[in-house]
Amino acid sequence: MNYWLFKSEPDEYSIDDLKNEARGWEIWDGIRNYQARNILRDQVASGDQVFFYHSSCKQVGIAGIMTVVRAGYPDPAQFDETSRYYDVKASLDSPRWFSVDVAFKEKFDDLILLKDIKRNPALVNMALVNQSRLSIQPVTPIEWQAVLAMRA
DNA sequence: GCCAACGTTGGC
DNA sequence: GCCAACGTTGGC
């Protein structure tokens, strides 16, 4: 079982949106970066635990936890001409982009703020701090525990 | 809204 | 294959 961090702009899709999904899960789609794609396609497995990170908003930080309920499969949006994520170069035979399905697990009482993560000596090597533009990124078990220890 | 970091595109 | 131009991400 591995740990990850997925970013989303809460104005687009927040942890509350996931919590309120009637069916209990949602597809994590629209990832259009090759490094992130490779992680989704090759590494993310059902049962993995994921931090839900709110980016590009007033309060940036980790909002809670979700669980992967389906491992990587071709992102349907790349084949949908009406989607903003449509990719003319993708085909069913050779899909370019991948999605996973995620389920809500937990919302933290308070956001764990990026500025506090940056101040935590145990987290100076976290990808979130050093590779700030990657929207799907690995979290080590030690980092996972260090973040959980920051909960109010 | 600004801008630094960095990923992608395309001409050569 | 290099690299300049351009586009996007994302914190502030």
Side-chain angles (χ1 to χ4, degrees), chain A residues 2-21 26-44 48-68 71-102 104-140 142-152:
Chain A
N2 287 308
Y3 298 107
W4 311 99
L5 180 147
F6 293 0
K7 294 180 184 174
S8 180
E9 300 186 16
D11 292 343
E12 294 278 328
Y13 192 79
S14 74
I15 192 159
D16 289 320
D17 293 325
L18 180 59
K19 187 178 182 179
N20 293 331
E21 292 290 348
E26 180 58 299
I27 179 173
W28 201 270
D29 63 357
I31 300 300
R32 296 292 180 269
N33 166 284
Y34 287 106
Q35 199 176 345
R37 185 280 308 267
N38 292 346
I39 293 171
L40 289 178
R41 186 189 58 193
D42 304 333
Q43 294 186 257
V44 177
D48 285 358
Q49 302 288 102
V50 183
F51 284 138
F52 195 131
Y53 180 83
H54 283 180
S55 69
S56 297
C57 56
K58 275 191 176 175
Q59 296 268 85
V60 297
I62 297 171
I65 300 173
M66 48 193 166
T67 304
V68 177
Y73 62 98
D75 182 347
Q78 69 193 305
F79 310 122
D80 177 1
E81 288 185 42
T82 66
S83 169
R84 60 192 276 218
Y85 298 120
Y86 177 68
D87 187 338
V88 69
K89 294 177 182 168
S91 67
L92 287 168
D93 285 345
S94 62
R96 289 181 109 190
W97 308 112
F98 284 74
S99 295
V100 298
D101 291 346
V102 290
F104 174 82
K105 182 173 183 190
E106 176 184 350
K107 179 184 176 184
F108 298 150
D109 291 337
D110 296 296
L111 214 64
I112 298 173
L113 297 172
L114 177 62
K115 68 177 170 65
D116 294 327
I117 291 170
K118 284 179 172 174
R119 273 204 289 262
N120 186 335
L123 297 173
V124 290
N125 292 319
M126 202 173 172
L128 183 66
V129 176
N130 296 298
Q131 226 181 329
S132 61
R133 296 187 60 210
L134 191 58
S135 59
I136 301 287
Q137 49 182 259
V139 175
T140 69
I142 289 171
E143 289 164 351
W144 183 270
Q145 293 303 328
V147 169
L148 291 185
M150 294 174 71
R151 283 180 292 185

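Here is how names work: the chains are called A, B, and so on, in the same order as the sequence lines, proteins then strands, and each is numbered from 1.
Side-chain N or O atoms of A:E12 include none that pairs as donor or acceptor with a backbone N or O of A:E9 at under 3.5 Å.
Put simply, A:K7 has a side-chain N or O that comes within less than 4.0 Å of OP1 or OP2 on C:dG10.
As rounded to whole Å, 18 Å separates atom P of B:dA5 from atom CD of A:Q137. Between the P atom of C:dC12 and the CG atom of A:D116 lies a distance of 11 Å, rounded to the nearest Å. Distance A:L134 CG to C:dG11 C1': 16 Å, rounded to the nearest Å. Summarising the geometry, the separation between CG on A:D87 and C1' on B:dT8 is reported as 13 Å, rounded to the nearest angstrom. Note: OH (A:Y53) to P (C:dG10) measures 8 Å, nearest angstrom. When rounded to the nearest whole Å, the span between CG of A:N130 and C1' of B:dC6 equals 14 Å. Atom CG of A:L114 and atom P of C:dC12 are 6 Å apart (whole Å). Atom NZ in A:K89 sits roughly 6 Å away from atom P in B:dG10 (whole-Å rounding).
Checked against B:dG7, C:dG11, C:dG10, the side chain of A:N33 finds its nearest nucleotide in B:dG7. Which of B:dC6, C:dG10, B:dG7 sits closest to the side chain of A:R133 comes down to B:dC6. Closest to the side chain of A:S56, from the set C:dG10, B:dT8, C:dC12, is C:dG10. In the set C:dG11, B:dG7, C:dG10, the nucleotide with an atom closest to the side chain of A:K118 is C:dG11.
For the pair A:Y3 and A:E143, the minimum side-chain heavy-atom distance is 4.5 Å or more. At a threshold of 4.5 Å between non-hydrogen side-chain atoms, the residues A:V147 and A:M126 count as touching.
A 6.0 Å sphere centred on CG of A:D109 holds no more than 12 heavy atoms belonging to other residues, nucleotides or ligands.
Salt-bridge annotation for A:D75 and A:R32: present, with a side-chain N of the basic residue lying under 4.0 Å from a carboxylate O of the acidic one. Salt bridge absent: A:K19 and A:D16 never bring a charged side-chain N and a carboxylate O closer than 4.0 Å.
In this structure, A:Y34 has its ring center closer than 6.0 angstrom to the ring center of A:W97.
Between its opening and closing five pairs, the helix from B:dG1-C:dC12 to B:dC12-C:dG1 changes axis direction by 10°, a value rounded to 10 degrees.
Nucleic acid contact class of A:K58 (heavy atoms, under 4.0 Å, all strands): none.
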